[in-house]
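Protein chains get the first letters and strands the later ones, always in sequence-line order, with residue 1 at the start of each. Please read these numbers as outputs of a predicted model, since none were measured by experiment.
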Amino acid sequence: VVTYNTLIHGLCLIGDLEEAQQLRDEMINQGILPDVLTYTILVNGSCKVGNLSMAKEFFDEMLHEGLEPDRFAYTTRIVGELRLGETSRAFSLQEEMLAKGFPSDLITYNVFVDGLCKLGNLEEACELLQNMVRDGLVPDHVTYTSIIHAHLENGHLRKARDIFYEMLSKGLSPSVVTYTVLIHAYAGKGRLEAAFTYFTEMQEKGVLPNVITYNALINGLCKVRRMDQAYKFFYEMEEKGIYPN
RNA sequence: UGGUAACCCCGUC
């Protein structure tokens, strides 16, 4: 079952759900029964390709097989419900999960925070932070990045920056993703000086920019037609062995 | 062996 799960996971990573499903069928024919991991992988893979009804089907099949979903399975399913905007269903699943002895962990909360942010419920997402603390959990850099990203998407750059500093004050280390969302927003709005400041700061802290970070900068520079500087970063990434995509 | 955050492109509106 580990071999099959690993292969199914690989197929899901490349987005080939048809083949993944066939392999699931094949393992059954071979007398190897899929387990909770198999279904979690399939539910997750379906979500990633945007086929949320398929995600639900796999989750239900897991139940029909008499398998008991665990925290990973529930959280994966919650991602799907939130993407559909089914907030109350997502919360019901959270309660169901709790009733089965799986209280939400940091990742479950992060899924809710990000999901609510993406649905435009930033307020509700922030309220969840209180629940996290109540449950003895500490918001991490992923939690903060979701909230910062939401503020940036709303055009509230200053608020985003404030949250960023709040994150630093709590001793959390921003990741390359945190810096990249900030750089993307500032560069995209023509605030290149601020973007450069973050770009410099991240490297001083040993956080290495990746191709997405460079794309964000180059995109901002191209928008304001500063092609010479755009090329400067383009060459710089090559020097660093970061390949343009 | 499985669950969370970022760019670009494309499609529908």
To the side chain of [X], which of [options] is closest?
{"X": "A:Ser175", "options": "B:rA5, B:rU1, B:rC7", "answer": "B:rA5"}
{"X": "A:Asn5", "options": "B:rU1, B:rG2, B:rA5", "answer": "B:rU1"}
{"X": "A:Val36", "options": "B:rA6, B:rG2, B:rU4", "answer": "B:rG2"}
{"X": "A:His184", "options": "B:rA5, B:rU1, B:rC8", "answer": "B:rC8"}
{"X": "A:His9", "options": "B:rU4, B:rC7, B:rU1", "answer": "B:rU1"}
{"X": "A:Ile107", "options": "B:rU4, B:rA5, B:rU1", "answer": "B:rU4"}
{"X": "A:Val177", "options": "B:rG2, B:rA5, B:rU4", "answer": "B:rA5"}
{"X": "A:Thr75", "options": "B:rC8, B:rG2, B:rG3", "answer": "B:rG3"}

[X] side-chain N/O to [N] phosphate OP1/OP2 under 4.0 Å:
{"X": "A:Lys48", "N": "B:rU4", "answer": "yes"}
{"X": "A:Asn215", "N": "B:rA6", "answer": "no"}
{"X": "A:Lys118", "N": "B:rA6", "answer": "yes"}

Hey, does [X] reach any base, or is it just sugar-phosphate, or nothing, if we go heavy atoms under 4.0 Å?
{"X": "A:Val142", "value": "base"}
{"X": "A:Asn219", "value": "nothing"}
{"X": "A:Thr108", "value": "base"}

Quick one: [X] [atom1] to [N] [atom2], roughly how many Å, whole number?
{"X": "A:Phe112", "N": "B:rA5", "atom1": "CZ", "atom2": "P", "result": "14 Å"}
{"X": "A:Ile8", "N": "B:rG3", "atom1": "CD1", "atom2": "P", "result": "14 Å"}
{"X": "A:Leu116", "N": "B:rA5", "atom1": "CG", "atom2": "P", "result": "14 Å"}
{"X": "A:Leu37", "N": "B:rG3", "atom1": "CG", "atom2": "P", "result": "9 Å"}
{"X": "A:Asn44", "N": "B:rU1", "atom1": "CG", "atom2": "P", "result": "16 Å"}
{"X": "A:Met132", "N": "B:rA5", "atom1": "CE", "atom2": "P", "result": "14 Å"}
{"X": "A:Leu11", "N": "B:rG2", "atom1": "CG", "atom2": "P", "result": "14 Å"}
{"X": "A:Ile147", "N": "B:rU4", "atom1": "CD1", "atom2": "C1'", "result": "13 Å"}

Got a donor-acceptor pair under 3.5 Å from the side chain of [X] to the base of [N]?
{"X": "A:Thr76", "N": "B:rG3", "result": "no"}
{"X": "A:Asp35", "N": "B:rG2", "result": "no"}
{"X": "A:Asp70", "N": "B:rG2", "result": "yes"}

Would A:Tyr214 and A:Tyr243 count as a close aromatic pair, with their ring centres under 6.0 Å?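 Judged by ring-centre distance (under 6.0 Å), A:Tyr214 and A:Tyr243 do not meet the cut-off.
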Is the gap between the ring centers of A:Phe164 and A:Tyr179 under 6.0 Å? yes
Please report, to 0.1 Å, the donor-acceptor pairs under 3.5 Å made by any side chain of residues 109-117 of chain A, with sequence neighbours excluded.
{"from": "A:Tyr109", "atom 1": "OH", "to": "A:Asp135", "atom 2": "OD2", "distance (Å)": "2.5"}
{"from": "A:Asn110", "atom 1": "OD1", "to": "A:Thr143", "atom 2": "OG1", "distance (Å)": "2.6"}
{"from": "A:Asn110", "atom 1": "ND2", "to": "A:Asp140", "atom 2": "OD1", "distance (Å)": "3.2"}
{"from": "A:Asp114", "atom 1": "OD1", "to": "A:Lys118", "atom 2": "NZ", "distance (Å)": "3.0"}
{"from": "A:Asp114", "atom 1": "OD1", "to": "A:Ser146", "atom 2": "OG", "distance (Å)": "3.0"}
{"from": "A:Asp114", "atom 1": "OD2", "to": "A:Lys118", "atom 2": "NZ", "distance (Å)": "2.8"}

Closest non-hydrogen atom pair, A:Glu81 against A:Arg77: OE2-NH2, 2.6 Å
Give a yes or no on whether the backbone of A:Leu157 and the side-chain of A:Tyr186 come within a donor-acceptor separation of less than 3.5 Å. yes
Salt bridge present between A:Arg161 and A:Glu166 (N-O < 4.0 angstrom): no
